[in-house]
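In what follows, chains carry the letters A, B, and so on, assigned in the order in which the sequence lines appear, proteins first and then strands, with residues in each chain numbered from 1.
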Protein chains: 2
Amino acid sequence: MNDISFNTRANTRDCGTCPIRHRAVCARCQPDELEQLDAIKYYRTFEAGQPVIWSGDPMEFVSSVVSGIATLSQTMEDGRTQMVGLLLPSDFIGRPGRNTAPFDVVAVTDLTLCCFRKTPFENMMEKTPAIGTRLLQMTLDELDSAREWMIVLGRKTAREKIASLLTILARRDASLHVKPPRDGMSFELPLTRESMADYLGLTLETVSRQVSALKKSGVIELQGKRRVIIPDLNRLISETGDDMDGGLIT
Amino acid sequence: MNDISFNTRANTRDCGTCPIRHRAVCARCQPDELEQLDAIKYYRTFEAGQPVIWSGDPMEFVSSVVSGIATLSQTMEDGRTQMVGLLLPSDFIGRPGRNTAPFDVVAVTDLTLCCFRKTPFENMMEKTPAIGTRLLQMTLDELDSAREWMIVLGRKTAREKIASLLTILARRDASLHVKPPRDGMSFELPLTRESMADYLGLTLETVSRQVSALKKSGVIELQGKRRVIIPDLNRLISETGDDMDGGLIT
DNA sequence: GCGCAACTTTGATCAGGATCAAGACAAGAT
DNA sequence: ATCTTGTCTTGATCCTGATCAAAGTTGCGC
């Protein structure tokens, strides 16, 4: 027996083989599986801006993000693009049972992935049902997040959209730190204004204007163009239009 | 051995215990499991308009839609609502491993669900890993659909949104029939203009106007307010803004 | 038949965000 | 220092879809 629990984003642990703390499948490596894992596991790194895989490409691995940030997005023929997900450390990329990528994956910052060759991974899943269970839980989480994002895209105003995105980023950032948010948290924006626009279904000009507007209202402060200071998180949350007590995508 | 394959929406089969053809978990009942299944399985029916469950409510069952249509939606405090999913026969409702419903589920038409009490279902999942695998595949499908819907909500014009919705409904309807679409397919709109608006992130007036506009352009025809005739599906698809050859949510 | 309620269409006007256009700013490169 | 390049901000204008309002349609109960 061992005490491995299903780690949540706020409750990560060292897996012993990967360089950082994370919660994805390879974080659950068990000692006697490591030999085999090492045979099928490898790291890949990407520079900021590089594509990881294009929609429709054959995909011979599954992976989890070790460090850096990637985006999951889709582009129409005429160039309109929509981000459908933000991949942060510990997030999982890939589809056991599928052969092609359904969306574009692009490295936003320098990116390291911990990859598993797909077939051996699938075999491992069969032998270790806990992995499948874990993956199902993660997928259900992602599905809920995706659905919660729909109300942002479909029903929120530009200002609410920006506030929603900043809230998510602030919360994700806060969960990386040990100290709980002493008011006056701050974080580095990983996205350009254009990426934010693609995530929110806006134009980059509107994003810029609304960020400025939130600054003018005192809801946020900026140091340079990328560092965001949030004097009062509840104030920001109240700008999202959401219920105060939760529900927002984590 | 048996030849049960992972059924897709276009490839359903009789499960032998449920009244109609469908592809969800209970469609995969195996003869020797039936006795036990009957002990934990039951049907529930809802009238059109009735809620099945509210977001946040404790949820003691999982289920699949046997007949009728339900919506999955979310409402903000001020009343703005966004549908995040359309549940058609064979779709699965519920979260193994969760105790509360993440979204509102409402019956749009008269609805029959095939329900399984959650704990016994989860036990069954543990004993029969194929169920978990199947559920993971279905969840991955739903996740892809949810993400594909994001580009509709975030980047499409009102006309494209309507065309996208009609295309999905037309395709789903077509997959229920044996004959492939002899051009000139038609189907009954299951949704009111308001529900369509909530699905597409529009107002009901805009939906009405754009439906009229598509009619005036000859892309669709209407018999009464609810029956839609599609003389040329490709013509409709070209109005969605999507790539001709696929990709659209199924 | 009539009346009523729910749903739908259509019109007039408004506004939020898109679009077009010009600069501002910062970090590197020469 | 100057030029370049990419990113961001700000302004002016336009247009799509929202909002407000009224009337048309359908189905149902009586």
Salt bridge B/D78-A/R155, side-chain N to carboxylate O under 4.0 Å: no
Pair B/T167, B/S164: side-chain N/O donor-acceptor within cut-off below 3.5 Å: no
Test: B/D141 and A/R98 ion pair at under 4.0 Å: yes
Residue pair A/I151 / B/V84, side-chain heavy-atom distance below 4.5 Å: no
Close approaches to DNA chain D from residues 201-211 of chain B, in residue order (heavy atom, under 4.0 Å): B/G201, B/L202, B/T203, B/E205, B/T206, B/R209
Donor-acceptor under 3.5 Å (B/T109 side chain, B/I69 main chain): yes
Most 5' of A/K215 and A/R155 on DNA chain D, judged by nearest nucleotide: A/K215
Pair B/T71-B/L86, side chain to side chain contact (heavy atoms under 4.5 Å, CB included): steps then yes or no: CA-CA 5 Å; B/T71 60; B/L86 200 55; 4.0 Å; yes
Interatomic distance where CG belongs to B/D198 and P belongs to C/dT8 [whole Å]: 12 Å
Verdict with supporting geometry, B/L153 and B/Q82, side chain to side chain contact (heavy atoms under 4.5 Å, CB included): CA-CA 10 Å; B/L153 292 175; B/Q82 177 65 51; 3.8 Å; yes
B/T45 and B/D110, any side-chain heavy atoms less than 4.5 Å apart: no
Whole-Å distance separating the CD atom of B/E160 from the P atom of C/dA18: 15 Å
Upstream residue (5' side of DNA chain C) when A/K225 and B/E194 are each assigned their closest nucleotide: B/E194
End axis versus end axis in the helix from C/dG1-D/dC30 to C/dT30-D/dA1, the angle rounded to 10°, five pairs used at each terminus: 30°
Sugar-phosphate, base or nothing in reach of B/R80, heavy atoms under 4.0 Å: nothing
Rounded distance (Å) that lies between atom P of D/dC8 and atom CD1 of A/I162: 12 Å
Rounded distance (Å) that lies between atom C1' of D/dT9 and atom NZ of A/K216: 12 Å
Atom-pair distance (CD on A/Q223; C1' on C/dC25), nearest Å: 17 Å
Sugar-phosphate, base or nothing in reach of A/R159, heavy atoms under 4.0 Å: nothing
Phosphate contact (C/dC7 OP1 or OP2) by B/R226 side-chain N/O below 4.0 Å: no
Rounded distance in Å - CZ (B/R227) to P (D/dG27): 14 Å
Sub-4.5 Å side-chain heavy-atom contact between B/N234 and B/I237: yes
Between C1' of C/dG16 and NZ of A/K161, the distance in whole Å: 11 Å
